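Throughout, a chain's letter reflects where its sequence line sits, starting with A, and its residues are numbered from 1. On a predicted model such as this, the values are computed, not experimentally measured, just so you know.
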Amino acid sequence: LAISGFASITKGINLSTAIAGLKFTGTATDADALGGVAAANYLRSNANDTTSGTLGILNDSGLIVGADNDFSVFVDTQGVHVASLIADADMTFRVNDGGTNVTAMYIDGSANRIGIGTTTPTTKLDVSGTVNATAFTGPITGVVNSSTINVTTGGTIIFEGSSDDAYETTLTVVNPTADRTITLPNVTGTVVTTGDSGTITSGMFNTSTSLQILSSTGTVLKTIYGAGV
Amino acid sequence: MTARAPLYWNGSQLQEMSASQINTFVDLAVYYYSLDPSRTLTVSGSGGNLTAIDDTRLQAGAYSTASGSYPSEATTAEPSTVTVSYQRITQSAASVSTTADTGKTFPVYWDGSAVKHMTEADFLDTFIYPAITQMSSGSTTSQQAGTYFISTTTSVAGATLVSSTPIFSDTKADTTAYSAGTIGDHALDNPTTVTNYYLHRIDGVLTAPTILPLYGDGSNNLKAYSVAEIGTLMQEFVRYQVVSSSTGYTLTYNIDGSGTARGSAIVNTILTGGSGNYQTRFVDANDYRAQEFPDGTPATANTYQFKILKS
């Protein structure tokens, strides 16, 4: 009897005791099953392959991708890590937008910055596009460009001023009972408040005039500036 | 004359007072003066310092007596004139000083280019002199409050009786007090009062102005005087001018001197036209009495006039 793939066949060996180091020798080029599972169902480790089952890596070291161990997914006591393991290597998160692969998020590995809508982030978070959020916390520094800022209930806008100290200027409003619009004039200048003094000058009136209050001897006691006719 | 038009706050802006509005403050000045006049008159029984005025009347001549027949009329004394002098009004002046002008003591006005405080002279011209002029008129209404007048009654509406002691009693001989049967027993002088004259002071009536002049307060802001503030300020200056004016605004009172008559003329009545009412009385054979009683008809011997003088 000849069986392809086996040089020699020894029929049935019954071992009455356990024998260490027992091996079958030969080349099983045509073996179609191992342990009752078809050989085709085993994943290859040295060639491209797929699985229709769930692939689990049930250890903390997780998954390492890349010929140079570029990318790793692992867990530790701090949680789950998705990591680029190559120095200064960037990470690109891409999506297929209507058939076109686009970069949805980009992490600059050398600068440690995240870009959304940009692959050249210049700040920790650089968004090229509109950001929508239900809340924001933390100080805003630098230039903010926006067509509308909606300060929600009880909100204020606080200016620290030139010195980071205990004193700030806070913008707030009396609770409006109807829609209000305050339009700043199209000029450069200083906004005058009710608590201000010494700021209003005759030059601030469209048609400047003054009214003097004189003593009985003609000494000027007070000059009142205002808009005249 | 530099009377000014004081400014007031009309609710939205400064406005000059009209002449009639200024007059309300002239009246206010008079009212406040009336609360404490600086030229005062008092009445006492005698020893006043206004000119004495005389009341004259007739009294019976001394009776004559003779034995056996009556003395003839020719030898019987004629009625004579009794003169009673009244000098019951004493005029006094209070010592008054005024507030110095701080430069913003007096109300403000518009000088054509600025709001300016009145000088003291402006204040006098605007309020004080008109008030004193008004007070010195012959009228005796509340616009002359604080000044005096003469009345023949003790009660005059709008005025206060200075004293129940008349400043003058006009008398005449009471011809009914004489009778032949009492010759030698009755007094020679039996007067009856024709009219008593009393001194009154005009009461003030406060008509609070509805607008108020302005002045510079401690911060040189314009502030409205209260009625009491402007009233007291005007009172001070009216009181001073009435007794110490060097510009012709003192007020004095006199009898029959210069000035404007105030109240009732003071009439001295006496019986005239008679020649003596010759009467006789028989007492006994050694005492035939004759006497001439006053007779005639009442007539004005002379008239005195109580006057107020602004000078």
Could you point out which residue of B:Thr102, B:Asp101, B:Thr119 forms a side chain to side chain donor-acceptor pair (under 3.5 Å) with A:Ser216? B:Asp101

Look at atom OH of B:Tyr225 and say whether more than 12 heavy atoms of other residues, nucleotides or ligands are closer to it than 6.0 Å. yes

Any chance CG of A:Asn186 has more than 12 other-residue heavy atoms, nucleotides or ligands included, within less than 6.0 Å? no

Distance from B:His117 atom NE2 to A:Ile213 atom CD1, nearest 0.5 Å? 7.5 Å

Just verifying a value: how many Å separate B:Lys116 NZ and A:Thr217 OG1, rounded to the nearest 0.5 Å? 7.5 Å

Neighbours of chain A found in residues 204-222 of chain B - heavy atoms under 4.5 Å: B:Ser219, B:Asn220, B:Asn221, B:Leu222

